[in-house]
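The chains referred to below are lettered A, B, ... by the order of the sequence lines, with proteins before strands, and numbering in each begins at 1. Since this is a predicted model, take the numbers as computed values, not measurements.
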Number of protein chains: 2
Amino acid sequence: MNHIRSELVAVLIAVQDEMPLVLTLDQGRNLPSGPLETAHRSLQRGMRLWIEQQTQCHLGHIEQLYTFAEATGADIGGRDHPRLIRISYMGLTRLGETQEGWRGLYEYFPWENRREQGADQLDAEIGRALLQWAGRDAARLWRCAETFGLDGQPWNDELVLHRYELLWEAGLLPESRHHAPWLVPGRCMPSDRRRILATALARLRAKIRYRPVVFELMPETFTLWQLQRTVEAIAGRPLHKQNFRRLILAQDLVEETGEAETQLQGRPARLYRFRGTVIGTRHLMGSKLPIARSI
Amino acid sequence: MNHIRSELVAVLIAVQDEMPLVLTLDQGRNLPSGPLETAHRSLQRGMRLWIEQQTQCHLGHIEQLYTFAEATGADIGGRDHPRLIRISYMGLTRLGETQEGWRGLYEYFPWENRREQGADQLDAEIGRALLQWAGRDAARLWRCAETFGLDGQPWNDELVLHRYELLWEAGLLPESRHHAPWLVPGRCMPSDRRRILATALARLRAKIRYRPVVFELMPETFTLWQLQRTVEAIAGRPLHKQNFRRLILAQDLVEETGEAETQLQGRPARLYRFRGTVIGTRHLMGSKLPIARSI
DNA sequence: GCTGGTTATGCTCTCATTGAGCATAATGGA
DNA sequence: TCCATTATGCTCAATGAGAGCATAACCAGC
């Protein structure tokens, strides 16, 4: 027989003040997790109920990420059994009243946030360290260039996990097996939890392009500019404003509420609402969100 | 404590004679599976070794699909524990010498193979049955149209799982909870294994578009036409020949071997080989494969 | 050797999408 | 009233994808 403990791990993501946030425990060192007890018909459903019970958040989109096994187990009957299976999920939500435990996602991946100026400098430092690690190995050099957009290559925001793994291999992370002389800044998590985080961000960035899941992160009504800022927060880079509007409006994803939001300066912006919740279906399969190639 | 049995399930896929094949057991009614015993550092690695040991296939690309829980367990301590966790993987391979157990994938999903003429008729029958199920429910009608390309909507080959689930819900499959008067033809599998198959095909069709995994299904050298036929086999529909060539050649995915293959008729075709195996990296991240919108 | 059938390969044309920027509209404050 | 600021509308060029014509290179038969 083969007895194994199993655990659900949740990566809950919200966006506030143009920054993606993740729900953490233990001073940002851990992710919400629990034993796989209340599994209902499906894991998905069990996960949703469990999370909504634990945190008071209502979960919009929910998605299984990956299943990891930890082989820390001692030999049992001559075979190395994994002792713990971790099934990770990503969930999107709006920030409730309890702001406790939410941390900026980019605290864990500073290099993934390319919206501000400071990004360039960190980028250069990482590039230097990577090239040193790669040495003359052509495959390594090529990989560095592709994942980090070094050699004139374009930056691909979806390669979050690739970048994390590359940094890990290069010994540039505190959790790396062997350390390089210089380490990339960024908040850590024990075990492979930062890897799970990276998986979640990669998946979210990929998903946001071809399924309208951003709206799960938005309030009921919003301006197109707010929508764009939310997408930018997740994509980690700026988008072209006029083209963003064009793409959104061309797809009938949203409809005007008829009202407008007047901010401190400038012309008031029209308010919109997501049509997917109005129509029966939240998926709207044909529709893609922007971030074509951005800047 | 929480003791659970766990199982690995493998969906092994190969392509032969322009048809995708899947490795099955038990007269095509089952998929290779086994307890999660020999897990090494990672599940992935354990899976690969286990599969390669069981079947004599060398696995190219391998990918985790999904983790299911079966909640058939009786109450233990007042809580409904899932008893079995199934972690499913998809692997790509070339057909070895042992052809035993390989079945045509489209025997399980006849409606997904849209390369021949007969597809139209089956399509019409399914369409009729679906519309009957949908009745006047707008959300249902919309969903049917989107997933099966009914109302002038384009056919989206990646929606394999959506279509399977829709057919299931509509009571058109033998494994459905309630049966409609007419059932869609197609080979069955007990439990949720046909669903796992559908997941694999959906994933493969999606992946083949933006990562050069087709080459894992190809022999060492091949003509562009053979390559196209393999892609078509997986995508389930025909592609435009000249455009396929253009796309492949434009991306430096392949290089000429210098030789040509002369078939029975016509001008001999040049032989190519995949560059990814020559260069260190098998991923070639920037590169997309065809099937843009096809015919 | 020449001819027609057949398949491979090269090239063009058009249309849709995307990246980028200019121009105008509508607000508040000086 | 004028100006700074933001929202919105529109144009233009570059690129990529769908479709089809034209040519090349082989075979079999005469």
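For the pair Ile248(B) CD1 and dA17(D) C1', the interatomic distance rounds to 14 Å; values are reported in whole Å. dG9(D) atom C1' lies 16 Å from atom CG of Leu247(A), rounded to whole Å. In this structure, Leu224(A) atom CG and dG9(D) atom C1' are separated by 13 Å, rounded to whole Å. Here the P atom of nucleotide dT8(D) and the CH2 atom of Trp225(A) are 11 Å apart, to the nearest Å. Separating the CD atom of Glu259(A) from the C1' atom of dA7(D) is a distance of 17 Å, rounded to the nearest angstrom. We find that CD of Gln265(B) is positioned 12 Å from C1' of dG29(D), with the value rounded to whole Å. Put simply, CG on Leu239(A) is 13 Å from P on dT18(C), counting in whole angstrom units. Rounded to an integer number of Å, the gap from Gln226(B) CD to dT7(C) C1' is 13 Å.
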>> Between Leu197(A) and Tyr164(A), does the side-chain contact (heavy atoms from CB on, under 4.5 Å) criterion hold? Intermediate values first, please.
In response: CA-CA 10 Å; Leu197(A) 265 192; Tyr164(A) 176 80; over 6 Å; no
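Evaluation of the ring-ring contact (aromatic ring centres under 6.0 Å, His included) test over residues 198-221 of chain A, restricted to residues two or more places apart or in two chains, returns Phe215(A)-Phe222(A), Phe215(A)-Phe274(A).
Residues Glu146(A) and His162(A) are not in side-chain contact: their nearest non-hydrogen atoms beyond the backbone lie 4.5 Å or more apart. Two residues are said to be in side-chain contact when any heavy atoms from C-beta on lie closer than 4.5 Å; Val15(A) and Gln226(A) fail this criterion.
For Arg246(B), the listed nucleotide lying nearest its side chain is dT12(C); candidates were dT11(D), dT12(C), dG10(C). Closest contact between the side chain of Lys241(A) and the listed nucleotides dA25(D), dT8(D), dA26(C) involves dT8(D).
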Give me the distances for all protein-to-nucleotides 21-24 of chain C N/O pairs that come in under 3.5 Å?
| residue | atom | partner | partner atom | Å |
| --- | --- | --- | --- | --- |
| dG21(C) | N7 | His240(A) | NE2 | 3.1 |
| dC22(C) | N4 | Gln242(A) | NE2 | 2.5 |

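No cation-pi contact links Arg163(B) to Trp111(B), judged by a cut-off of 6.0 Å to the six-membered ring centre and 45° from its axis.
With sequence neighbours excluded, the residues that form a side-chain contact (heavy atoms from CB on, under 4.5 Å) with Pro185(B) are Leu122(B), Trp182(B).
At least one side-chain nitrogen or oxygen of Arg245(A) sits closer than 4.0 Å to the OP1 or OP2 atom of dG9(D).
Note that CG of Asp137(B) is 10.0 Å distant from CZ of Arg143(B), once rounded to the nearest 0.5 Å.
The residue among Thr262(A) and Leu249(B) whose nearest nucleotide of DNA chain C lies closer to the 5′ end is Leu249(B).
The residue Arg270(A) sits close only to the backbone: its heavy atoms come under 4.0 Å of sugar-phosphate atoms, none of a base.
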